[in-house]
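Okay, structure first, notes after.
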Amino acid sequence: MSGYRRFCDGMSRRDMLRVGTAGLFGSSISLPHLLAAQAHASTATGSASAKSLIVVFLEGGLSTIDTWDMKPDAPAEFRGEFNPISTSVPGVQICEHLPRLAQQMDKFALVRSFGHSDSGHGSADHFMLTGYRPLSGFNASLKPNNQKPAYGAVLSRQLGPAGSVPPYVCLPQLHRSGGSSYLGTAHSPFVIAADPNSPQFEVPDLMPPLEVAPSRLESRQQVLQAVNRFAHKIEVQANRDANAFDTFQENAFNLMTSQATKHAFDINREPDSLRDEYGRHSLGQSCLMARRLVEAGVRCVMVDHINWDTHFHNFRILKDDLLPKLDSAISSLFRDLHYRGMLDSTLVLVTGEFGRTPKINKEAGRDHWGPSTTIAIGGGGVQGGTIVGASDEHAAKPATAPFEPADLAATLYHSFGIDPNTEFLTAEGRPIPLVPGEGRVMRELF
Amino acid sequence: MVVYLPLLPYFPFGKPSMRPASMRIRLAGSRFATIVLMTAFGVALPCGPRLLMASNAEPVTSRSGQWNFQNDIEPILGKFGCNSSACHGKAEGQNGFQLTVFGFDPQADFFQIAKDGFGHRIAAVAPEKSLLLLKATSAIAHGGGARLTRDQPEYIALRDWIAAGAPWGDADDPQIVSIDVLPEQSQLSIHSSLPLRVEANWSDGRRTDVTRLALFQSNRPSFAKVSEEGVVTAGSLPGVAAVMASYLGQVDLFQAIIPRGDVTGGHSTQPAKNESLGDDNLDRLIERRLALLNIQSSPAASDATFIRRAYLDIIGTLPTAAEAREHLADQRPDRRARLVDQLLQRPEYADYWALKWSDLLRVNRQALGHQQAYEYYRWIRQSFAQNKPLDELARNIVTAKGPVKEVPEAHFYHAVSQPDQMASTVSQVFLGVRIECAQCHHHPYDRWGQKDYFGMQAFFTQVSFQSSAIGEAIVSNGTATTTHPRTGAEIFAHALSQPLPEQSPQGDRRELFADWLTSPDNDWFARNLANRLWAHFMGRGLVEPVDDFRSTNPPSNPELLAALASALIESRFDQHELIRIITASAAYQRSGDVNATNQDDEWNYSRYPFKRMEAEVLLDAVSQVTGIWDKFEGVAHGTRAVQLWDSNVSHPFLVLFGRPVRATVCSCERVGQPTVSQVLHLLNSPELQKKLSHQQGYLASLVLGTQDDVALLQELYLTLYCRLPETEEQQFGSDYLSQAPNRRQAAEDLVWGMMNSLEFAFNH
């Protein structure tokens, strides 16, 4: 049932009885519950096809009018320098500089009537990555800056990992709005602050330094056990931060000693030909890593790729640098997931924080444009090749029923079979629903 | 009665697939469920007629014969949710009908109801046909459902008021002065209930029962919920909750104390008022609360624990092994107080508190420039080195004027360069109140409105930087005005909760603000500073977050907060003195041991918490115990992390452990929570291993110089834990050292293990 009482940020008062207490809040914390993979999803609604999520975030704002949603008939000052090409889906055209993606068009969908009213960096990112617009007092410089949890944190909370891997991973850096907010540190992302494309890539601090031989690590573990007199004691369990530290330490050893985890993080196990196919760059190798991690049981991987904020020389940068990377990385990802039979269970979202201005500026660039953008989404039960909605002739605003981040949130959770009426309690005991009240599932995708 | 069912193209409160024809049926179903749920939720939102019995309650209105819109009608709009921030009270109103949230502007509400659109919402000749009433009873489709039924006294009051011509009232009608919630405090057994009564005090001396129309809200619904009628029901957990009652803009609190087990004493308890704070009174206030909760406090911590704790809390530095030995050997009865006195005089004291205040005063090299930020920092540090009274510190900052070279604290106004930022920063830092929400509309959770926000801003609109013969100078003069964005009226500078002055104050308005801020009669400043200090030493403030004082976030122990604030004022804002008082208390000197009663107590100080060391403190600690210090960019060799005035100096450890960015003054910027990455870093980082194994490191020389295993272990334990090892620890350590093929590496392993233990990384 839907409640009708809302706060000024659009949330509604809802069913208190369905509240799940966030991991570290509530009166008693028990050790086994802290990081356990607990299925908290209540009544399964939706397809529940998706089991894992990959978010490829194009930080800066991909110019969707030049890629997914071209306007070849618009006047020159709008249409830009690129031409559309046909794809593997009849009637659907995308940019000529995404030829491999054009061939994989049948694997994913585009929502061309997407948009929102936030054209500012920082707040728009938060909006896209949580479904919630940030409120007064938002400090975009914090890392993380979340007032509401990112999708990965929610999935970590509701579904946990499948295996001894962390449930939620961000790479090659943490996006500022990738945090867990009131869901607590148990669901904050495991950050791999390293570029998988680097020859020396390894997950920082995952293994002891070279000079510490494995046998020495074992002795050290014994030492830690002997001297760590507070470990698992009731004094520690009665203190949230200490308890979290204690549990994380236990978990850290699991991470360090688990073969599965070590393999999952070891990108060198991938054949060179596949690494070449994804592309030998940060975006390509991060997407490959994402597939690898999902295969190992990670519930959500967020890949944060930067430099999409093309205010200057939009076309040159896209054509020479960014689009070839996007093309190889994402087309390979879809092809690879499909090939391994993982596409139905893996939802992939590719988007920036907003679109870019229809009118080209003086520096041959485009500026921020929230009101109209296109998101690419595939897998997890989404019907490949679907085009949902359309924008107007200049891609200035949606021409059909508009969709916005709350709807994206609703859709994501729908495909995971998570009840959108689920609520979490903040530290002040205020219930916040999973999806902002007005979010509707984009049913045309399924 | 004409029933009017428009087809709503968009039903704002639910999924658009709902059809208007089925709306009333659907509303009926959802309304009932919503009532149940809202009651269960414990935030008593007015929802429908069924639960509000028109039983033996006093007459709805408080009028003495005449209608008065504000006194008689506004409370109804509040109680039944009409002006809530979810509905017509939100900034843009709802469906063209806009009320002010909390009824903060009765004239605007009166206009909307009685005058707007030629008064189409009311019909004096046929009051029951008024749009207002038709909507309120859902006789016409109403997004908010049926708020009233026709037999309710409030419906009758509205009807009669409309019939009387919807009068505004007279200027000399009685005004509300305050409200009292009765009782003020009570023990409640688990699952038991207690009805509250709310009485209003009027300017004509009358006192009326207004329980029926008061709004109730619990700040901890998981401990105690409150119904619309003001019945408090304790949950299943022992603890404390505050229930706020509000009526006509007045607020009062009830404290529910839910003890473990059965209630031992009587129901109502009288909290202590106006207790002056001697050393034992602070503890008495805490003990009294614990007694009401049936919670026993933990015993005193050992000397070793106290020594380490005091060092970390007062100077952000670990004691060295030699210092630890020295203090442990001290057997004088006043040794703990002496230690505190010593620490207050150490140079590291100024370093540490300058670090904390640099966060608050936004010493940001990128924003201010290298030299300027450094000088700003040095001024702050000097203030703490000389133990400048905190009111003087605040005054210096707020009223900084003159050449910046001579008055480096003026850089504050570079860090926050716009009047609105100045107002909200000063408010957050010195008053502990976040007023930004009130910039655009009435604050949704507190009583501040735009008038208050712009009143604060008006103090700072005169500030500007100008060139002078001695370089840049800050001045504050002129007649800059501030206008209310909505009404256009001029707002003269006035502080929060102060009345609007009749004219603009003369001269540098900041001086007036500083006078108000630091006046001994001003609770805000002292409570905020006292709370911040208490939070630092005790791990949790009486108000949390520490910069979020508001009526819906009351202190967990109001008497204690008041007593601490008084102590600060009495000491003339001497931080040393308040530190002495706090650290001398039994509460501060408690161990973190858990007993049968206090495992779940996080709010009442029955046991000492575990606090993760701040990023800079932890890095210094690691450097100190290994003897290998990092060289930071842009500062001299030998600068410790707590001395870093630039919060942006590149160092992954500091970022990882939650160093603030100083983009705002929010206490949330510094993150004390652990993460998996932090834990992995301590376990596996190559940098830490290098420090451990360094040839010039402390460990290398210690191992070389100490052949005796017992002595070696003692030294290690004193260095890292500030105590001597227990017998089993000694045994384990000696065995480990003697059995290892490489004694030096074995010692490294021991230190590695100790560094990764909770006892090291946490201040306990």
Side-chain angles (χ1 to χ4, degrees), chain A residues 1-8 12-17 26-28 136-137 139-143 166 185 188 190-191 204-209 211-212 216 219-220 223-224 226-231 234-239 241-242 244-246 248-249 251-252 255-256 425 428-429 431 440, chain B residues 13-15 30 33-34 37-38 40-41 45 85-86 90-91 143-145 219-222 237 434 436-437 444 592-594 599-600 609-610 612 661 663-664 666 668-669 672-677 679-681 683-686 689 693 729 732 736 749-750 752-754 756-759 761-762:
Chain A
M1 106 214 34
S2 67
Y4 60 85
R5 307 302 304 277
R6 284 156 199 262
F7 290 106
C8 55
S12 62
R13 298 239 178 225
R14 291 198 191 231
D15 187 345
M16 170 66 177
L17 300 172
S27 69
S28 64
S136 168
N139 180 354
S141 314
L142 294 180
K143 201 164 183 174
T185 53
S188 56
F190 181 78
V191 179
D205 298 335
L206 186 61
M207 298 310 297
E211 61 189 270
V212 179
R216 199 172 164 196
S219 321
R220 282 188 164 190
V223 170
L224 180 57
V227 302
N228 194 7
R229 67 173 176 152
F230 287 126
I234 190 129
E235 282 72 27
V236 160
Q237 289 177 36
N239 282 279
D241 287 348
F245 188 94
D246 199 16
F248 291 156
Q249 205 171 60
N251 209 51
L255 274 178
M256 282 159 64
L425 281 185
E428 297 88 45
R440 331 189 292 283
Chain B
F13 302 112
K15 313 297 181 200
S30 70
T34 319
L37 295 165
M38 285 186 180
F41 176 50
L45 290 174
S85 55
K90 63 174 172 292
N219 75 335
R220 303 248 137 71
S222 48
L237 302 165
R434 297 178 183 171
E436 308 86 71
C437 292
D593 293 349
V594 165
Q599 180 178 354
D600 294 329
F610 279 63
R612 202 211 69 192
V661 296
T664 67
C666 183
C668 57
E669 281 208 1
Q673 290 172 321
T675 64
V676 177
S677 303
V679 168
L680 281 172
H681 188 80
L683 289 172
N684 294 323
S685 115
Q689 176 58 29
S693 61
E729 292 170 327
F732 175 84
Y736 193 82
D749 295 344
L750 282 169
W752 176 91
M754 291 171 77
N756 275 280
S757 67
L758 287 150
E759 191 170 353
F762 280 78

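Being a predicted model, the structure only gives us computed values, none of them experimental. A, B, ... follow the sequence lines: proteins, then strands. Residue 1 opens every chain.
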* **4.5 Å side-chain heavy-atom contact, B/Leu758 and A/Asp246** => yes
* Asked: If you look at every heavy atom in B/Pro686 and A/Pro209, which pair is closest and at what distance?
  -> CA-CG, 3.8 Å
* Backbone of A/Leu206 reached by a side-chain donor or acceptor of B/Asn684 within 3.5 Å -> yes
* To do: Supply the atom-to-atom distance B/Asp593 CG to A/Glu235 CD, rounded to the nearest 0.5 angstrom.
  => 5.0 Å
* Asked: With side chains defined as the heavy atoms from C-beta onward, is the minimum distance between B/Thr675 and A/Phe190 less than 4.5 Å?
  -> no
* Asked: With sequence neighbours excluded, what pairs up with B/Thr664 under the side chain to side chain donor-acceptor pair (under 3.5 Å) test?
  -> A/Asn139, B/Glu669
* To do: Please list, chain by chain and in numerical order, all residues satisfying side chain to side chain donor-acceptor pair (under 3.5 Å) with B/Ser685, sequence neighbours excluded.
  => B/Glu687
* Which heavy atom in B/Asn756 sits nearest to a heavy atom in A/Phe245, and how many Å separate them? -> O-CE2, 3.9 Å
* To do: Say whether, by atom type as modelled, one donor and one acceptor occur between the side chain of B/Gln689 and the main chain of A/Pro208 under 3.5 angstrom.
  => no
* Which atom names give the shortest non-hydrogen contact between B/Leu680 and A/Ala252, and what distance separates them? -> CD2-CB, 3.8 Å
* **Option in A/Arg216, A/Glu211, A/Gln249 with maximal non-hydrogen atom pairs under 4.5 Å from chain B** => A/Arg216
* Asked: With a 4.5 Å heavy-atom cut-off, do A/Arg229 and B/Ser757 have their side chains touching?
  -> no
* Could you tell me whether the side chain of B/Ser677 reaches within less than 4.5 Å of the side chain of A/Phe248, counting heavy atoms only? => no
* **Spacing of A/Phe230 atom CZ and B/Phe610 atom CZ [to the nearest 0.5 Å]** => 4.0 Å
* **Flag side-chain contact, heavy atom, 4.5 Å: B/Glu729 against A/Val227** => no
* Please report the closest heavy-atom contact between A/Val223 and B/Gly753, naming both atoms and the distance. => CG1-CA, 4.0 Å
* Structure fact -> Between the CE atom in B/Met754 and the CG atom in A/Leu224, the distance rounded to the nearest 0.5 Å is 11.5 Å
* How about B/Phe762 and A/Val236: do any of their side-chain heavy atoms sit closer than 4.5 Å? -> no
* Asked: Do you know the tightest heavy-atom contact between A/Asn239 and B/Pro609?
  -> OD1-CA, 3.4 Å
* Measure the shortest side-chain to side-chain distance between B/Leu683 and A/Arg220 over non-hydrogen atoms and say whether it is less than 4.5 angstrom. => no
